[in-house]
Every structure is written in structure tokens, then in C-alpha cells.
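Right, one structure below, let's go through it.
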Amino acid sequence: MPDFSDAEGNRISGVYGAIYKLKSMLPGNEDALFAFSFEKDNESEYTPAVLYQTDRFKDILSNAGVPELLDVSKGAAGSSELIAYLESELVKLSPTGKVTKTPQFELNIIKTSDLNEVEEIFKNAHEYGAKSKDNYIGYFLMREGNKDTASKKKDTVGIALCFDEKSAVYIPVENFISESYIGNKLAELSKDCALVTFDIKDGYDIFEPYEISGRTSGYDAEDTSYLTSPKCFDTLIGAYLCNPIKNDYAIEDISKEYLKIPFDKRSDVFGKTSIKEADADKLADYACKASYICKTSAPLIREKLAKAGMENLFYYIEMPLSYILFAMEKEGIIARKDELKAYSDKLAIRIAELEKAIYEAAGCEFNINSPKQLGEVLFEKLGLPAEKKTKSGYSTAADVLEKLAPDNKIVADILEYRGLAKLKSTYADGLAAYIDSDGRIHTSFNQTITATGRISSTEPNLQNIPMRTEEGRLIRKVFVPKDGYVFADADYSQIELRILAHMSEDKGLIEAYHEGEDIHRITASKVFHVPFEDVTPLQRRNAKAVNFGIVYGISSFGLSQDLSISRSEAKEYMDKYFETYPGVKEYQDKVIASAKETGVSDTLFGRKRPIPELKASNFNLRQFGERVAMNAPIQGTAADIMKIAMINVFFRIKRENLKSRLILQIHDELVIETAPDEKDTVTNILTQEMESAADLSVPMEVDCHIGNDWYESK
DNA sequence: GTGGCCTGCAA
DNA sequence: TATTGCAGGCCAC
């Protein structure tokens, strides 16, 4: 809605705030009324919700029965009637039936870069923090990267510290106060005090917390030292664990959710201009408030984690993991630019050929990359039978085109074109743009994105490098270890299905994993009642598809799509599967029932995923909720186990003083850039630590390969 | 420029 | 009308 604000510049949001403020302004302050404006100078700027709120505000006021009070020319005489009316409307609008004032920052903001004063401040902070493990010291770094290079190195402009409820101090980086000075001070503090910030990974290049620098041991589920000694606390990770299905966890969202204090977005405060150019007072104000939000929200988030039984997950898995992700990002992976270019050029030649052939066959030139134009050419101009429709036209997806390809060369060409164009734009050219001046690609591993607890990778995404087809897989040859080194690549064998066996306690499935090598074949043998040796390739393929489907929270439709069979056939497979492994069905029913009751499903290590869809009135949405309830504990537990393995691998490498470094994680796979004389050691570490990261009722098997590039090692 | 849509890559 | 992601190209706004 049009911004309502009072004389002090405090923003009031929504119709509730507007009326509350109006009421408070009425007595003896007639002029204040004029501060409100109903002008909608440009309606298109406002969302429907905003227009609705504005109209609602107008309605409430005009229903007062005393409209003349709102007339500018008559002032606000007789406002007591209006106040009484507004009072009653407020109670109706308030969710709690109570009228409360929006909390505001009440912070004394101090700014200094005088060395003596700063020394004193850190001394005071230490004294405060060392007094009690619950005395959190909030800190917030004002940092900025430069956009023109591929480098992700950020500059630090200043730091805010908050260690009491009433004040915070901003220390600009200037004169004697350098980035490394601040880093050293934080490292010192972290020995005795609980530091709390937002997005701790972002600052690890400045300081390494004592709990990391002084550590060489892996994950210990029995450790409870977080109850007695100070540990670093990241409010971003904490807020994510408390509710992993939100879209963003910006600091202003944390302020709003946990403190109920509105806080302006960084982009709104500073716009697009560099914060190095920004007004010093504005910087101090923003940073100090942010550090205050960290300090004040930490105990609230921690309480929530404790109530949900996620303190161990937070302190012993996610917090140390954040450092490991930082280290992997910093290490990066070499990508050979020249090879990438050669690969791209090779693709370009074939793409040009295909383009020509496609235009010729179509009888016109058009944009093959446009599904709209492509659909028109194929299904109207050439009159091919259209199958599926999308919201905006014909579907030209691969599964549709594949059915037409055998009879139509143009369609086969289009499919080949698509495949090559994808490789060129996303992988060959796309990856090349991310090669840093050190010849390496430094991806970002994101810890607070997925609903299930997985890590994600961006800029670039190194978790979806082609694997399935040979021509795509060749991309992996451009990823190489440094001179003389090799890659060690270890991946879990069917970890999700093994977790299902463990969690469902199904006797047959557990037995199958103790029996032998090929789970899909064993399943086929049991499901189709044929001897293990007599399982046909088709039977094995079908069993494999069902195994996958089960993990995703199967539907007969989905399975039928995957196998290109009828729904009833798919249903038959599923029934047979559940007959074979009845414990799986019982388990799935159990987790759905439990999720319906509690609203969440959870992993072996206590990670929780809320599933609001289970309460939806829409049938499809509810069905989706059930599939999610079945999948989340499995995918999430796999993520937990991998994270534990990463912690154990990382600190073991450190403990044994190795030169090799963890560089990639792809959900069930780890890649280590391995020193030549450490090949065997690293292979053993990966295999042992990954296989022993959790104790399941079935073995966790790991395959580890050594290679001179990622193509070879995978 | 931004965002929705379609498409396709991985585990 | 199978789970979790990220990204490029197109195209309407």
C-alpha cells in the first residue's frame, strides 16, 4: 500500500498498523491526520494485495459514521467517537485480539576506528562473553565483492559488534583497523566466547573460529559440550534448520520472524551503489542493527532448535560443515580453459550442420530454441501429431519428440541439436565463464536452500555435470587435479535404498542387502518369482525403476511414465513390490500418518521437514504432501550421513597432515584432489569414513576410484 | 531489466 | 500425475 509513515519516519505496514497509528495520532493533534494520503498515483505499481489493503483502510474509515472527521477542511474535532470506532476495528483486525505496538530498535549506535578505543571495545566484549556461555556476542561484517572479475574475494568495509541489549558499535576498516586485525580479534574472542553472526561461511576467509582451528577429531554423537561451552552460532543456519522450506532467510526476515522488528533490506538502504561510497552513518546504522539482530535472535533460535531436538544437528553437523564448505569453495577445481574452448568449437560445427538440415526440412528458418516457434513448425506447418499441451502451447519436450523421431528425420535432428546446444551453452561456454584467474572454478555450496537437508551448488552448479551420455560425460575430462596429483572419487552405492531398508526394518530388503551385490536383480527375482540367475534384463530394469520410484514416493502414474507402460501395469509392479517387501508399505503408511499428525517428517538425525501440503484441501497437493513425507526422511537421512562423512574425512585429513584436499560433494559422492603419495591413504579414508558415518542395519558400501581427471575417476 | 515458463542436466 | 536441486533461452511485461 502507499507507505504510511509518522513524523519520526517510522514505517507502518498494513492496514492494521495504519489504523493503529491513526488512532494514536488523533487526540490533540489534528494536523497529523493530513499525513495520510489515499492517493494512488499509479495503480499499476501496486499488487492486488496492496490495493485491497488500501481499500480496506478507506472502508473502515468511511464506515466510522463520522466521515466529516476525515475531512481536511474540518479538522479532527470530536475525534473521541472515531477513536472508539477505530479501537473496535483494531481488535477485529488483530490476530490475538490485543493491540500492541510494533517493536523498534532502541539502540545506541557508536562509531569508531580509533585503535585504542577499538582495543578497549574488544576487551569489553571478551569480558562480557567469557562471563557466561549464554552471553552471545553479535558481530556483522559489512563486505562487498567486485563484480567485474570472476573472483569471489570480498573486501571488508567494516564490522559491527553488539554485546549488550542497548548499544552496538561500528568499526570501519581504515587506518590501523585492517581486515586481518578484525579477523585476529574475532579468532581470539572465539576461544572463550559464543560469537553469533548471520552467514558465518561468508567470513571464514577473515577468521577461523577456535573450535575449527583447534580441532582434529570427527563427529561425535555423544558429545554434549555445546551445553556447557561457548560455540559459534550462525543465525542463518539456525533459522534454516527451524524451517527449511522457506524461500529466503535474509537477515530482515530473521528480524521480523524472531524479534518482530522490521528491518530494511540492504538493497533498499544502499541501492546499487558500492557500500564503500555509502554514507558512514548509514553504514554504521545498518551494520549495528544487523549485529543486534544476530545477538538477540540467537537465543530464540537456539531455544527453538532445542525444543525440536536439533541442537546436536546444528552444533555438530551443520556448523562445522559450514567451514568445510568454505574450504572446498576456496580450494576450487581446475578446469582447462583451452579444452573447454576446443570442445565448444567442436559442438558449434555439428550444431551449424544440424541447424541447416532442420531449416531445410522445415522449409523455413526459425528459432529452434523457442518451444513456441518449434511447436508451430512441427505440429502446424508439418502437421505432426501433437501429444501433450503445455500452458502456452504444444509440448516439445524430449519424451514427446522421441516418439516422433524414428519416423521424422527433422525431429531426430532437433533432439540432437537440443542435446548439443545444451552442452555448449550450459557446460562448455557456461563453465568457461566461471574460471578464475587461478585457473580454477570456485563454486558456491549453499547450505540453507533445500527442504531435505541436501547441499546445493551454484555459480556454477557443479552437481549436475553430465554423466549419462558419453558425449556429455566427456565434459568431465576438463576437470583435472593439479600437477602430479590425481582425483579420488568415492560414491555411496544406493545409499537411499539402504536407508529405506534400515528405516522400514523390512526383513526381505535388509536380507537382500546382506545377500549380495545386485539389489535390483535380487528385487526382480523376488518380485517376479524367478531364480536369481534367470532374471531377464527387462525384469531387472523394471525392478530398478520401482526401487527408484519407491524412494521418491511412488505413484502408479509416475512409474508408468518412467517405464512407458500403462498405469495398470505399473500398479501391478507396485503391488508385487509391496507384497515382496511388506515392511516398506507399512513404513510408508506410518511416516505419512505421523507427518499428518505432527505436520513434519524427520530424519534419523532429527532434521525436520514441515509438510503443510498434507493439510491442503486440494487433492493433488495433498498427494504431493504424502510423497514428500515418504521421500524427505530418506533423502534427508542420506544428506545427514554424507555431512557426517564429510566432517570425518575433513578432520582426518587434517589430523594426518595430508596434502590432499576435499573439493567436491555431489550428494552421494565426494571428490578429493589427492597427492600422488597419498593415493592409498585417501582411498582408505574415503572408504572407511563414508562407510562408518552411520550405523545402519545394512552395510553402506562405497566405491572409490582414482583417475587423472573427473571422467576417469568417476 | 525482471520474472515466468519451458527445457534439461545431476543425485 | 515420482524427490531434490540450478541454469539457459525465450518472451511478455
Side-chain angles (χ1 to χ4, degrees), chain A residues 44 244-245 272 366-375 388-401 414-415 417-431 433-434 443-446 449-469 471-473 475-476 491-497 500 545-563 567 570-571 574 601 609 611 619-636 638-639 642 664-670 714:
Chain A
S44 63
I245 59 172
K272 283 173 195 160
F366 65 101
N367 187 343
I368 309 166
N369 290 321
S370 161
K372 185 165 167 276
Q373 294 182 39
L374 181 61
K388 283 194 292 192
K389 282 246 180 186
T390 63
K391 278 177 195 167
S392 44
Y394 308 102
S395 168
T396 66
D399 58 331
V400 175
L401 298 191
I414 287 165
L415 281 169
Y417 171 94
R418 277 249 185 96
L420 300 182
K422 170 88 175 178
L423 286 175
K424 186 171 188 305
S425 66
T426 305
Y427 297 105
D429 301 342
L431 288 173
Y434 286 104
T443 185
S444 294
F445 287 110
N446 313 297
I449 300 289
T450 71
T452 52
R454 275 186 174 185
I455 289 161
S456 82
S457 156
T458 52
E459 294 182 303
N461 180 0
L462 291 183
Q463 292 179 321
N464 75 341
I465 304 302
M467 181 68 191
R468 227 188 76 256
T469 69
E471 53 188 356
R473 199 169 173 166
I475 283 277
R476 291 173 179 242
D491 70 293
Y492 281 111
S493 153
Q494 299 138 1
I495 188 170
E496 293 185 339
L497 210 50
L500 175 66
V546 181
N547 276 333
F548 268 93
I550 291 291
V551 168
Y552 294 150
I554 201 160
S555 77
S556 57
F557 184 91
L559 183 63
S560 72
Q561 288 291 298
D562 188 58
L563 287 175
R567 261 189 84 166
K571 178 85 168 47
M574 282 171 56
S601 67
R609 188 208 155 131
I611 311 175
F619 175 78
N620 286 327
L621 210 51
R622 252 189 349 263
Q623 290 295 109
F624 173 73
E626 293 193 2
R627 293 195 295 275
V628 164
M630 292 185 265
N631 172 263
I634 296 171
Q635 194 183 118
M642 178 52 109
L664 290 179
Q665 188 255 39
I666 309 98
H667 310 307
D668 66 352
E669 172 188 357
L670 291 178
K714 173 64 187 170

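Keep in mind that what you see is a predicted model, and the values were worked out from it rather than measured. The chains referred to below are lettered A, B, ... by the order of the sequence lines, with proteins before strands, and numbering in each begins at 1.
- A heavy-atom distance below 4.0 Å to DNA chain B is reached by none of the residues of residues 624-635 of chain A.
- Residues A:Asp491 and A:Lys714 meet the side-chain proximity criterion, which asks for heavy atoms closer than 4.5 Å.
- No engagement by A:Gly553 is indicated, since no non-hydrogen atom pair under 4.0 Å with the nucleic acid exists.
- Here A:Ile465 lies in heavy-atom contact (under 4.0 Å) with sugar-phosphate atoms only.
- Distance check on atom C1': B:dG4 versus C:dA2 gives 24 Å, rounded to whole Å.
- Judged as a side chain to side chain donor-acceptor pair (under 3.5 Å), and not counting sequence neighbours, the contacts of A:Asp399 are A:Lys388.
- Expressed to the nearest 0.5 Å, how far CG of A:Leu500 lies from CG of A:Asn631 amounts to 10.5 Å.
- The side-chain contact (heavy atoms from CB on, under 4.5 Å) search around A:Tyr417 returns A:Ile351, A:Leu354, A:Glu355, A:Ile358, A:Ile368, A:Asn369, A:Ala421, not counting sequence neighbours.
- Counting any heavy atom pair closer than 4.0 Å across all strands shown, A:Ala398 reaches sugar-phosphate atoms only and no base atom.
- Judged by distance alone, with hydrogens and angles left aside, the side-chain atoms of A:Ser457 form a donor-acceptor pair with the main-chain N or O of A:Pro460 at under 3.5 Å.
- The stretch residues 452-464 of chain A participates, sequence neighbours left out, in these salt bridge (Lys or Arg N to Asp or Glu O under 4.0 Å) pairs: A:Arg454-A:Glu496.
- Using a 4.0 Å heavy-atom criterion, one finds that A:Ala570 contacts no nucleic acid atom at all.
- A donor-acceptor contact shorter than 3.5 Å is absent between the side chain of A:Arg609 and the backbone of A:Pro633.
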In B/S/- notation (B base, S sugar-phosphate only, - none; protein heavy atoms under 4.0 Å), nucleotides 5-12 of chain C written 5' to 3' is BSSSSSS-

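- Under the 4.5 Å side-chain criterion, counting only non-hydrogen atoms from C-beta, A:Glu471 is in contact with A:Leu420.
- Between chain A and DNA chain B, the heavy-atom contact criterion of under 4.0 Å yields a 5' to 3' nucleotide range of B:dC5 to B:dA11.
- Within 6.0 Å of atom CZ in A:Phe445, more than 12 heavy atoms from other residues, nucleotides or ligands are found, so the atom counts as buried in its surroundings.
- Within 4.0 Å (heavy atoms only), A:Thr396 reaches sugar-phosphate atoms of the nucleic acid but no base atom.
- Among the protein residues, A:Ile666 comes within range of the sugar-phosphate backbone only, with heavy atoms under 4.0 Å from sugar or phosphate atoms but none that close to a base.
- In this structure, the side chain of A:Thr450 engages the main chain of A:Gly453 through a donor-acceptor pair within 3.5 Å.
- Distance, A:Phe548 CZ to C:dT4 C1': 13 Å, rounded to whole Å.
- Here the straight-line distance linking atom CG of A:Leu462 with atom CD1 of A:Ile666 works out to 8.0 Å at 0.5 Å rounding.
- We find that CE of A:Met574 is positioned 13 Å from P of C:dA2, with the value rounded to whole Å.
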